[in-house]
Protein chains: 2
Amino acid sequence: MVKMTDKLIPDIVVGRLPRYLRAIQQMSKEGFQTTSSQVLGERLGISAAQIRKDLSQFGEFGKQGTGYPIPYLIQQLQHILKINRKWEMVLVGVGDLGHAIARYQGFANGGFHITMVFDNDPKKIGSQVGDYIVKDIALLDQNVRAAGIKIAMLTVPASEAQTVADCLVQSGIQSILNYAPVTLTVPPHVHVQNIDPVINLQRMTYYLD
Amino acid sequence: MVKMTDKLIPDIVVGRLPRYLRAIQQMSKEGFQTTSSQVLGERLGISAAQIRKDLSQFGEFGKQGTGYPIPYLIQQLQHILKINRKWEMVLVGVGDLGHAIARYQGFANGGFHITMVFDNDPKKIGSQVGDYIVKDIALLDQNVRAAGIKIAMLTVPASEAQTVADCLVQSGIQSILNYAPVTLTVPPHVHVQNIDPVINLQRMTYYLD
DNA sequence: TAGATTGTTAATCGATTAACAATC
DNA sequence: TAGATTGTTAATCGATTAACAATC
């Protein structure tokens, strides 16, 4: 049955979809043609019921008795997550981490591509990092706006992160992957995801002794 | 009143504590002596009621009328998270990302320190990365065991991550911060946290158009 | 057909919020 | 004292799980 209305999907469900996609892409690489909520659940440490419930929010992708066809499910998940296209991104901040990200090969098959790289350090502007020539951050607004880029990765020092984020929002950026260890303040239409290893580590030490 | 019993704290509560700590450390740096659940909540985008409830699971840190004394709350949170000591860590995998992490200055005031760095590439073994000489991964087990290290950061290629993780577990590691885009399988006593930018990005594209 | 597995409902479980007495 | 804010309880809200008819 075709879904006619756009139900509101809980954010926590959306957050699991990329993990489902990653797992079935892995299974595809291993040569499997179909999978089941049970098998997927075991691989991901998630209950089979939850996987079925999550997927059923978006459509009926499986068959009773045989499970889910992998190529079809990959295609559907990519469609749902809107990664059945290539998203252009900008990277701001070319320290060690920005350098590593600029050279990371893993974005391409996730649906992403870094288009431009910026920094404010005159010593870095004009230099080559990976396949990119570092641009002056003063040119960020006009470049991002002209290219209609929606996604930014932020790898500047914590002290500059909010200022640069403001500038990104001003330029039309709607999604920020923030590597700086600060809580960014942005308008409601802008989505922020944080990557902060210290937070992850501190969460684990609670369970150590 | 002193807590006599160790209640079981939900993992989701533990996961918020490092963010509370980060926020009040920031306030401390800004010169504040006290804060309230209200102010903290506004900074973090979390309800005041939730912050009070979370903190009250561990003790009574505040005063009616005046809120929470910042230095005391910092101290208490560090104690709860067991980061009132310095945790030694190993880093495995010296690609671009491992390189960036080895040189990252942000671990120290989070309560962490990288003790050793490993790789299996003969061209890298013996070379200097940050303050470290890269060691042969074949020596990982004896080194980690001898030093009693409990925490590892994993920055090897996806194809090798599970094998190296097995090796880490074997060596006595109990917490793994995994940067490889795979779901690791580990025994129940080992905690894993994943950092995977593509997952974060795919979660945000759902909301773009 | 017989066995397997979906999609979905209802029940359970857990987390968040609202409200307020206590009290600084 | 009067105002502010905690710690905690009860109410609400949302997420997960169990169960099973439908059906491949």
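Keep in mind that the numbers below use all heavy atoms, side chains included, and drop hydrogens, waters and symmetry copies. Throughout, a chain's letter reflects where its sequence line sits, starting with A, and its residues are numbered from 1.
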Legend entry - B:L55 CG to D:dT6 C1', straight-line distance once rounded to whole Å: 11 Å
Inset, instruction - Report yes if at least one side-chain N or O of B:T66 is closer than 4.0 Å to OP1 or OP2 of C:dC24; otherwise report no. - result: no
Legend entry - Sidechain N-carboxylate O distance under 4.0 Å for B:K135, B:D119: no
Legend entry - Watson-Crick/G-U partner (both atom distances under 3.5 Å) of D:dG14: C:dC13
Inset, instruction - May I ask which nucleotide in the shown strands pairs with C:dA19, Watson-Crick or G-U wobble, both distances under 3.5 Å? - result: D:dT8
Legend entry - Phosphate-side-chain proximity, A:S37 and C:dT6, N/O vs OP1/OP2 below 4.0 Å: yes
Return the polar atom pairs (N/O with N/O) between nucleotides 13-15 of chain D and the protein under 3.5 Å, or none.
none

Legend entry - Whole-Å distance separating the CD atom of A:E60 from the P atom of D:dA21: 18 Å
Legend entry - Trace of the side chain to side chain contact (heavy atoms under 4.5 Å, CB included) decision for A:M153 with A:N178: CA-CA 6 Å; A:M153 291 188 286; A:N178 173 41; over 6 Å; no
Legend entry - Closest-nucleotide 5' rank along DNA chain D - winner of B:G67 and B:D54: B:G67
Inset, instruction - Say whether, by atom type as modelled, one donor and one acceptor occur between the side chain of A:Q105 and the main chain of A:R103 under 3.5 angstrom. - result: yes
Legend entry - Given C:dA18, D:dT23, D:dG7, the nucleotide with the shortest approach to the side chain of B:A49: C:dA18
Inset, instruction - Taking only Lys NZ, Arg NE, NH1 and NH2, and the carboxylate oxygens of Asp or Glu, determine whether A:R203 and B:D11 approach each other closer than 4.0 Å. - result: yes
Legend entry - Gap between atoms CZ and P, on B:F61 and C:dT23 respectively (whole Å): 19 Å
Inset, instruction - Please confirm whether B:K82 makes a cation-pi placement over A:Y206, using NZ or CZ under 6.0 Å from the six-membered ring centre and within 45° of the ring normal. - result: yes
Inset, instruction - Would you please say whether a donor-acceptor pair under 3.5 Å links the side chains of A:Q170 and A:D166? - result: no
Inset, instruction - May I ask you to verify if any side-chain N or O of A:Y68 is less than 4.0 angstrom from the OP1 or OP2 atom of C:dG7? - result: yes
Inset, instruction - When you get a sec, tell me which of D:dT17, C:dA22, D:dT8 is the closest nucleotide to the side chain of B:Q64? - result: C:dA22
